[in-house]
Q: 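Can you keep this structure in mind? I'll have questions shortly.
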Number of protein chains: 2
Amino acid sequence: MRDGDAHGAEEPASEQQSSDGVTIPEPQDRAKAIPEAAVARLAVYLRVLSGFAEQEVHTVSSEELAVAAGVNSAKLRKDLSYIGSYGTRGVGYEVAVLIGQIERTLGLTQQHSVAVIGIGNLGHALANYGGFPSRGFPVAALFDLDPDLMGVPVGGIPVDHVDDIPRVCAERDVTIGAIATPAKGAQDVCDRLVQAGVRCVLNFAPVVLQVPEEVEVRKVDLAVEMQILSFHVARRSQETSESTASGAEADGAAQSKTRDVNAGVNPVDGMVVRP
Amino acid sequence: MRDGDAHGAEEPASEQQSSDGVTIPEPQDRAKAIPEAAVARLAVYLRVLSGFAEQEVHTVSSEELAVAAGVNSAKLRKDLSYIGSYGTRGVGYEVAVLIGQIERTLGLTQQHSVAVIGIGNLGHALANYGGFPSRGFPVAALFDLDPDLMGVPVGGIPVDHVDDIPRVCAERDVTIGAIATPAKGAQDVCDRLVQAGVRCVLNFAPVVLQVPEEVEVRKVDLAVEMQILSFHVARRSQETSESTASGAEADGAAQSKTRDVNAGVNPVDGMVVRP
DNA sequence: CACTGTGAAAGATTTCACAGCA
DNA sequence: TGCTGTGAAATCTTTCACAGTG
């Protein structure tokens, strides 16, 4: 679920409509027409497709791609239909074409420089995360409060003071800020980022950030994820009642050791690099 | 969001219905009746409420709580209505009561031991994350492949080898596994966790895990979050067209330095502890 | 009177199922 | 024939708006 996004107000929406009142997917508002939920999945498809490309797989059917991405094929086809018709009936999709189109749709053709604020464990992990640069998100700036960290290079980039956020972000053309500070400092850091013209924030701090409506915030909250899992544990143990025949045994196909399809996925994406 | 969840099949749903065919919210399936989306938000309300409790605020209205949590008050009231009627009309909610009821609903009255697999930067961050133990998720076991790490304590817990997952998880009664390994190892680690009886997985590796249907997986994927942000940047810069009067200036109330409401939220939740 | 709790409407997302094309 | 692309139905989620209550 979703998942977790945190922006209150909606933009005034200057709906582009054809004169007869029916919204048609013209180039201009094609982007606007894609459901939020589908966008999130497109990013997943992109990763899976990269895996296929690496294994020299050139064509996939909606069914294959759907299984690899963990969704059903109808949903996948509908999602892809939002970005256009790039499949071949009776055959499937060309991996390279689909990658290109999804990248275009997600705006990945241009680079987005990232600033990481809060260089603790998580900040280190983010600064070193191989998946970012390789996917068009170079980490361009690091910030912290700790005087001992100033100038210390982490993942090749020297740490600056949070007071320099406006200057440094402007200089290095930062478009995304990743807030990995403790809760207390998060809103303050966020305000500085907004001042500096950053319009996209990825918030790891356990706080609901207050931002002007033109700023997009996405929140990653570990405690919340845990609690959602906890809810499901609780719900299950509560279902001690009937162990329905069909429910008892696993789906056979589902459990299998290290499935081929994802086995070699994008090695550059290794999550963790030790300091 | 939202967020992002990743479980394919649904359970066969042995719907409890009253004999006349209308589903009534009996204690048994009360949990089942709560929409997935509402569960995620309940966890957020819980955090905000903890903040209020700490500031010695004993009563909140739906409006206050909604603002602090970044949702609208109608949604908040509906969400709370799923867990029961604990408000007082004309007054609001008692903070302590609400905290208790949400905790009960989310199954937080019992502890859930967590195992972290993959002790790199992210693993360190997770092992040291103060928000877990304080919220009923003690980190009880750490695993890695690296021989140099075996027995080394991280956040007070010695690292074990991934081969010992079944034994150690059973011994320490682990219910949640947090996979912070590189992509390659993730499915293998996941399989071992499932073998060990773990039914809840928080997956940070950029892979779609294949699991039996009784296992719940939640995925946190940084690259995907970035790409969603990228999409919104792209959409906006595409909207170079009309700069609608209302859209140009910020919402006044929204932007304000370090809002009171969240200023002192749960200090124990500090995201990052330096090694 | 102020605020909760909730049916019912509106909107968004998912699923179905099949027409249509290579 | 096999698979895509997509209207239409089903389902889930949000919002509205107001009756009901301490």
Side-chain angles (χ1 to χ4, degrees), chain A residues 1-10 13 15 22-25 30 32-42 44-45 59-67 69-95 97-98 101, chain B residues 1-11 13 15 22-25 30 32-42 44-45 58-67 69-95 97-98 101:
Chain A
M1 145 163 19
R2 338 281 178 149
D3 235 299
D5 69 336
H7 48 292
E10 290 308 313
E15 270 299 1
V22 180
T23 310
I24 50 173
R30 200 197 287 137
K32 186 172 279 176
I34 303 178
E36 190 62 30
V39 172
R41 286 188 301 265
L42 284 172
V44 174
Y45 305 155
T59 307
V60 279
S61 68
S62 61
E63 183 60 32
E64 290 169 305
L65 189 47
V67 168
V71 302
N72 78 32
S73 62
K75 188 172 357 192
L76 180 133
R77 286 200 302 280
K78 177 129 296 202
D79 286 347
L80 292 183
S81 80
Y82 293 124
I83 68 173
S85 299
Y86 302 106
T88 309
R89 287 162 195 243
V91 180
Y93 302 87
E94 258 200 73
V95 172
V97 172
L98 222 43
Q101 292 304 325
Chain B
M1 1 316 127
R2 64 21 261 163
D3 171 341
D5 69 334
H7 48 292
E10 290 307 314
E11 44 249 284
E15 269 298 0
V22 180
T23 308
I24 50 172
R30 200 198 286 138
K32 185 173 279 176
I34 303 178
E36 190 63 29
V39 172
R41 284 188 301 265
L42 284 173
V44 175
Y45 305 155
H58 297 289
T59 308
V60 279
S61 67
S62 62
E63 182 60 31
E64 291 169 305
L65 189 47
V67 168
V71 302
N72 78 32
S73 62
K75 182 158 27 180
L76 179 131
R77 286 200 303 278
K78 176 128 302 196
D79 287 346
L80 292 183
S81 79
Y82 294 124
I83 68 174
S85 297
Y86 302 106
T88 310
R89 291 165 194 242
V91 180
Y93 302 88
E94 257 200 75
V95 172
V97 172
L98 222 43
Q101 291 306 324

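Chain naming here is simple, since letters A, B, ... match the order of the sequence lines and numbering starts at 1 in each.
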Q: Does Y82(B) make a side-chain N or O approach to OP1 or OP2 of dT14(D) shorter than 4.0 Å?
A: no

Q: Could you check how far CD1 of I34(A) sits from C1' of dA12(C), rounded to whole Å?
A: 15 Å

Q: Taking side-chain hydrogen bond (donor to acceptor under 3.5 Å, both in side chains) as the definition, give me every residue that meets it alongside S73(A), ordered by chain and number, with sequence neighbours left out.
A: E63(A)

Q: Provide the closest heavy-atom pair for I34(B) versus A38(B) in the form atom of the first, atom of the second, distance.
A: CG2-CB, 4.0 Å

Q: Minimum heavy-atom separation for Y45(B) and L76(B), please, with both atom names.
A: OH-CA, 3.7 Å

Q: Rounded to whole angstroms, how far apart are CG on D79(A) and P on dA12(C)?
A: 16 Å

Q: Holding to side-chain hydrogen bond (donor to acceptor under 3.5 Å, both in side chains), I want the full list of residues that pass it with Y93(A), two or more places apart in sequence or in another chain.
A: none

Q: How long is the span from the OG atom in S62(B) to the NZ atom in K78(B), to the nearest 0.5 Å?
A: 13.5 Å

Q: Show the numbers, then the answer: is there a side chain to side chain contact (heavy atoms under 4.5 Å, CB included) between L98(A) and L65(A)?
A: CA-CA 11 Å; L98(A) 222 43; L65(A) 189 47; 4.0 Å; yes

Q: Could you list the residues that satisfy salt bridge (charged side-chain N to carboxylate O under 4.0 Å, His left out) with R41(B), not counting sequence neighbours?
A: D79(B)

Q: To the nearest Å, how far apart are Y86(A) OH and dG5(D) C1'?
A: 14 Å

Q: Calculate the interatomic distance between L65(B) atom CG and dT4(C) atom C1'; express it in whole Å.
A: 13 Å

Q: In whole Å, I'd like the distance from the CG atom of L76(B) to the P atom of dT6(C).
A: 14 Å

Q: Rounded off to whole Å, could you give me the CD1-to-C1' distance for the I83(B) and dT6(C) pair?
A: 15 Å

Q: Rounded to whole angstroms, how far apart are CG on L80(B) and C1' on dT4(C)?
A: 10 Å

Q: Could you report the tightest heavy-atom contact between E64(B) and V60(B), atom names first, then the distance?
A: OE1-CA, 3.3 Å

Q: Between S62(A) and dT4(D), is there a contact of a side-chain N or O with OP1 or OP2 at under 4.0 Å?
A: yes

Q: Determine, stepwise, if the pair T88(A) / T59(A) fulfils side chain to side chain contact (heavy atoms under 4.5 Å, CB included).
A: CA-CA 10 Å; T88(A) 309; T59(A) 307; over 6 Å; no

Q: Output the single nucleotide from dT6(C), dT4(D), dT14(D) whose closest atom is nearest the side chain of S81(B).
A: dT6(C)

Q: Going 5' to 3' along nucleotides 15-22 of chain D, which nucleotides have protein heavy atoms under 4.0 Å from the base (write B), which only from the sugar-phosphate (write S), and which from neither (write -)?
A: BBB-BBBB

Q: Check the distance between dC3(D)'s C1' and Y93(A)'s OH and give it to me in whole angstrom.
A: 9 Å

Q: Using nucleotides 10-12 of chain D, report all nitrogen or oxygen pairs with the protein that are shorter than 3.5 Å.
A:
none

Q: Would you say R41(A) reaches dT14(C)'s phosphate, i.e. side-chain N/O to OP1/OP2 under 4.0 Å?
A: yes

